[in-house]
Amino acid sequence: MEFIDDNLPPAPARILDAGCGNGELADRLRRAGHHVTAIDIDPALEGPSICVADICTYQDDPFDVVVFSLSLHHVHSLEMALDRAAALLKPGGTLLVDEFAYERADAAIADTYFGVAGSLARWREHHRDLHTGATMIDAITRRFTVDTLSRVPYLHRYLENNALYDSESVLGFQLIATSKESVMPVIRTTRYTATVALAELLTRRAALIDRIRADHPELTETRLTRLQDGTYQDIWHWSSIQDLENVMAIAPSWPEAGAAFAVTTDATAETAEIIDER
């Protein structure tokens, strides 16, 4: 906990505790004079000081600090979670990540964790659905300016056994990063031929747009135009390239996307950053 305390701006700072668990950290930071919003995806944790919400889609006013304390490895989409964290930080705001890299465990750590010799394979199977430390660090580095990255002991905290502090593998890492100054909005332009009447095309297109915006308000504007040769030019404005790529990765599995794509042919697309608007 000292890592979080030692790297916060002076109180009162506006802090988001993403994946707050039982809210112990958030409560302590509130007692220190900070304004803390604590969110967790688990409905069982809802209470007066904890809001049930998913960091991957969470909307709020900007924060001075976003904290992931042993929660980032659990998120269902690392890309979406960190994109939202970047969007929720004020320019120059601080990201604090206190995490562990399960892939760095050796046989001794696995045996200690399970209390049985020969447990390394079991350890890897037990943690295989979590994000690795390397994956988390890479995803953070692509979105933030990393100021410090330290490897620290971890298992002694999890097992509440300080005797392990000097002997365990260095599983933990603590990272301080700052938000990059600006994120360029982008336009995705798709040109295609429709195989159905305009009314049907508009209906299917609207259903897809509604599906996207239900979870991704970063789609800020769309415009459909018909060119002189009868083809359509569909222009979609996104808050950032990361937001666009997140949706493109998951949208093909949606029924609304399949229905819209099924009535277009000869589609070509390109993406461009918006440099200036007047």
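Put simply, the side chain of W236 does not reach to within 4.5 Å of the side chain of E221, judged on heavy atoms. Between L219 and H237 there is no side-chain heavy-atom pair separated by less than 4.5 Å. By the 4.5 Å heavy-atom criterion applied to side chains, I39 and L16 are counted as neighbours. T135 places a side-chain heavy atom less than 4.5 Å from the side chain of L78. Side-chain contact between I137 and T141 is present, with at least one heavy-atom pair separated by less than 4.5 Å. By the 4.5 Å heavy-atom criterion applied to side chains, M248 and R188 are counted as neighbours. Between H131 and H74, every side-chain heavy-atom pair lies at or beyond the 4.5 Å cut-off. In this structure, I241 and T271 have side chains that are in contact, with non-hydrogen atoms separated by less than 4.5 Å.
The residues R84 and E218 are annotated as salt-bridged, a charged nitrogen and a carboxylate oxygen being separated by less than 4.0 angstrom. Between D60 and R14, at least one side-chain N (NZ, or NE/NH1/NH2) sits under 4.0 Å from a carboxylate O, which counts as a salt bridge. Between D266 and R191 there is no salt bridge, since none of the side-chain N atoms of the basic residue sits less than 4.0 Å from a carboxylate O of the acidic one.
Scanning both residues, P9 and H34, for their nearest heavy atoms gives O-CE1, 3.3 Å.
Considering CZ of R151 and CZ of F173, their distance stands at 7.0 Å, rounded to 0.5 Å. Atom CG of L8 and atom CG of D64 lie 10.0 Å apart (nearest 0.5 Å).
Judged by distance alone, the side chains of Y192 and D234 do bring a donor and an acceptor atom under 3.5 Å apart. Between the side chains of T132 and R104, no donor-acceptor pair is found at a separation under 3.5 Å. No hydrogens or angles considered: a donor-acceptor pair under 3.5 Å links the side chains of S240 and D243. With 3.5 Å as the limit, one finds a donor-acceptor pair spanning the side chains of D54 and H76. Side-chain contact check for Y232 and R226: at least one donor-acceptor pair (N or O, by modelled atom type) lies under 3.5 Å.
Annotation: R223, atom CZ; neighbour count of heavy atoms from other residues, nucleotides and ligands within 6.0 Å does not exceed 12. Counting non-hydrogen atoms of neighbouring residues, nucleotides and ligands closer than 6.0 angstrom, the CD atom of E270 reaches no more than 12 such neighbours.
Hydrophobic cluster membership is shared by L175 and L88, with clusters built from Ile, Leu, Val, Met, Phe, Trp and Tyr side chains linked at under 4.5 angstrom. No path of Ile, Leu, Val, Met, Phe, Trp and Tyr side chains, each step under 4.5 Å between heavy atoms, connects L96 with L89, placing them in separate hydrophobic clusters. Taken together through direct or relayed side-chain contacts under 4.5 Å among Ile, Leu, Val, Met, Phe, Trp and Tyr, I274 and W238 form parts of separate hydrophobic clusters.
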- Message: Could you walk me through whether V36 and V67 satisfy the side chain to side chain contact (heavy atoms under 4.5 Å, CB included) test, starting with their C-alpha distance in whole Å, then the side-chain angles of each, then the deciding distance to 0.1 Å, before giving a yes or no?
- Response: CA-CA 10 Å; V36 184; V67 176; over 6 Å; no

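Note: Y113 and H126 have tilted aromatic rings, judged against thresholds of 30 and 60 degrees for the angle between ring planes. Ring orientation note: the planes of H127 and Y102 are close to parallel, at an angle under 30° on the 30°/60° scale.
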